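The chains referred to below are lettered A, B, ... by the order of the sequence lines, with proteins before strands, and numbering in each begins at 1. From a predicted model like this one, the values you see are computed outputs, not experimental measurements.
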Number of protein chains: 2
Amino acid sequence: MARSTRETILTAAAELMRHKGYAAVGMKDVVKASGAPIGSLYHHFPGGKVQIAREALVNAGIAYGMLIPTLVDPHDDLGEAIEAVFTQAADDMAATGFANMCPVASVAAEVADTIEELRTTTAAVFDGWLDGGTAYFVERDVPHAAARDVTVALVGALEGAFVLARTLRSTEPLLVAGRVLAPAYRGQRLRDRGSGQPRPEDRTSSPFDSAERSSKSRAR
Amino acid sequence: MARSTRETILTAAAELMRHKGYAAVGMKDVVKASGAPIGSLYHHFPGGKVQIAREALVNAGIAYGMLIPTLVDPHDDLGEAIEAVFTQAADDMAATGFANMCPVASVAAEVADTIEELRTTTAAVFDGWLDGGTAYFVERDVPHAAARDVTVALVGALEGAFVLARTLRSTEPLLVAGRVLAPAYRGQRLRDRGSGQPRPEDRTSSPFDSAERSSKSRAR
DNA sequence: GTCTATAAGAGGATAGAC
DNA sequence: GTCTATCCTCTTATAGAC
């Protein structure tokens with residue numbers, strides 16, 4: 001599975017930012033982690049560090065946007081599904097030694113007031129998650145307003161609980177969030193998917209559309 | 001109101017970290033913002049940048065630890081109180097142009113995997129909020145387990161919604177979080193406070209005890 | 001498209017006069 | 001306890017050979 005230099009760089013950058021945020025990751029760190037020489041970074045990403053971060057965030061956003069639908073899919077009760085999302089997140093986090101799961105929120109918190117170009121990128125990723133999640137729940141017969149609320153509450157509670165869990169080295173915040181959030185939606189039935197299989201392609205494009213395009217138009 | 005150089009430095013550092021996180025704030029930024037010369041920073045904080053961050057976070061933690069009890073205090077129904085916390089947060093955030101409200105979570109996300117000394121500091125601050133909030137709700141007659149759950153869920157949902165709101169430049173995440181979280185607790189009565197006045201001193205000491213002490217014992 | 005060498009400046013920290 | 005000058009390293013980014 002030979003990946004392109006471009007991809008290797010982006011993967012390394014995403015991995016580093018997941019752990020250390022944006023400012024603390026140096027280009028030299030990316031060089032070391034990717035194996036690519038510094039010249040290649042600037043050849044493939046003339047926009048420098050900001051461009052690398054932008055594209056890495058878009059990629060991560062697409063990958064993690066599938067997470068909630070994937071975890072919810074096997075369930076037919078919304079309350080159970082919500083609980084499952086949080087217990088699954090708690091298990092994953094404990095299994096990885098409380099490392100961060102996703103670079104988007106860490107970077108978002110850091111750049112929201114300072115690097116407008118990355119703020120809009122993280123905003124596009126969040127919007128994609130929110131719109132994608134809402135569409136998914138609507139498709140499963142949740143009324144639109146409720147679908148939007150569940151998605152927003154779910155993403156917000158997850159991101160907040162992640163920070164607490166990582167810092168406290170405890171799964172409590174994730175488990176409590178699930179336990180507190182789920183009861184309100186217990187009994188809300190989810191319609192069976194048309195096919196037996198999840199179809200993640202249905203709602204994958206939103207963050208990419210807006211953010212990747214803007215990154216293409218930025219060469220020097 | 002002449003404040004000591006020490007205080008001025010800590011205030012400036014907290015303000016900067018609130019906006020830019022930890023790594024992106026340079027000592028030179030603190031010099032500029034505080035007006036104190038670089039030598040004074042290292043005179044008062046021999047531990048350098050880490051020590052300044054640590055003490056700034058402890059101070060901010062104490063200040064923000066009073067926020068939830070203060071906002072909840074006028075209410076006698078837990079559901080209403082929760083809703084009030086989020087609408088108030090949304091108003092504040094919109095009023096300040098979606099600037100971050102508190103440096104603790106931003107820094108926590110950045111350092112959780114990288115600077116153990118600051119991870120333990122932010123953990124102590126979170127623990128203080130959680131223990132203080134739990135004690136406050138217990139005092140208001142909420143059963144202990146429920147009091148802990150509400151506090152954990154409240155803090156987690158707030159921090160997550162803050163990141164989304166700041167990034168999206170929208171109060172929606174805060175308002176939705178309140179709307180979704182509140183109903184589960186509507187009808188849960190809160191006992192009248194003994195005196196008519198809030199007494200914030202009752203539960204103010206926790207983060208300070210553990211974190212400030214450790215910072216004192218660290219002189220090169 | 002790969003890679004090295006290097007520029008130009010910012011980073012944290014220190015010494016020591018006052 | 002205040003303040004300046006300075007050290008040394010690391011930072012992002014570029015130039016240009018291959």
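- Rounding to the nearest 0.5 Å gives a distance of 11.0 Å between OH of B:Tyr42 and CD of B:Gln51.
- A:Val31 and A:Ala36 get closest at one heavy-atom pair: CG1-O, 3.4 Å.
- Between the OG atom of B:Ser34 and the NE2 atom of B:His44 there is a distance of 10.0 Å, given to the nearest 0.5 Å.
- One interatomic measurement links the two molecules: CG of A:Leu41 to P of C:dG1, which rounds to 15 Å at whole-angstrom precision.
- For the residue pair A:Asp92 and A:Gln88, a side-chain donor N or O sits within less than 3.5 Å of a side-chain acceptor on the partner.
- For the segment residues 107-116 of chain B, the set of residues with a heavy atom within less than 4.0 Å of an atom of DNA chain C is empty.
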* Test side-chain contact (heavy atoms from CB on, under 4.5 Å) on A:Arg18 and A:Val107 and set out the steps. => CA-CA 8 Å; A:Arg18 203 177 73 137; A:Val107 174; over 6 Å; no
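- B:Asp149 and A:Val176 get closest at one heavy-atom pair: O-CG1, 3.5 Å.
- Rounded to whole Å, the distance from CZ on A:Phe45 to P on D:dT12 is 15 Å.
- Distances shown here put a side-chain N or O of B:Tyr42 below 4.0 Å from the OP1 or OP2 atom of C:dA13.
- Between B:Phe98 and B:Ala165 the shortest heavy-atom distance is CD2-O, 3.7 Å.
- Between A:Arg3 atom CZ and C:dG1 atom P the separation is 17 Å, expressed in whole Å.
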* Criterion side-chain contact (heavy atoms from CB on, under 4.5 Å) on A:Phe45 and A:Leu10, from CA distance to verdict -> CA-CA 10 Å; A:Phe45 305 93; A:Leu10 288 177; 3.7 Å; yes
* Nucleic acid footprint by protein, nucleotides 2-9 of chain C - heavy-atom cut-off 4.0 Å, B for base, S for sugar-phosphate alone -> BBBB----
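- The minimum heavy-atom distance linking A:Pro173 with A:Leu168 is given by the pair CG-CD1, 4.4 Å.
- Near DNA chain D, meaning a heavy atom under 4.0 Å away, the residues from residues 14-27 of chain A are A:Val25, A:Gly26, A:Met27.
- Across A:Thr114 and B:His19, no two heavy atoms sit closer than the pair CG2-O, 3.9 Å.
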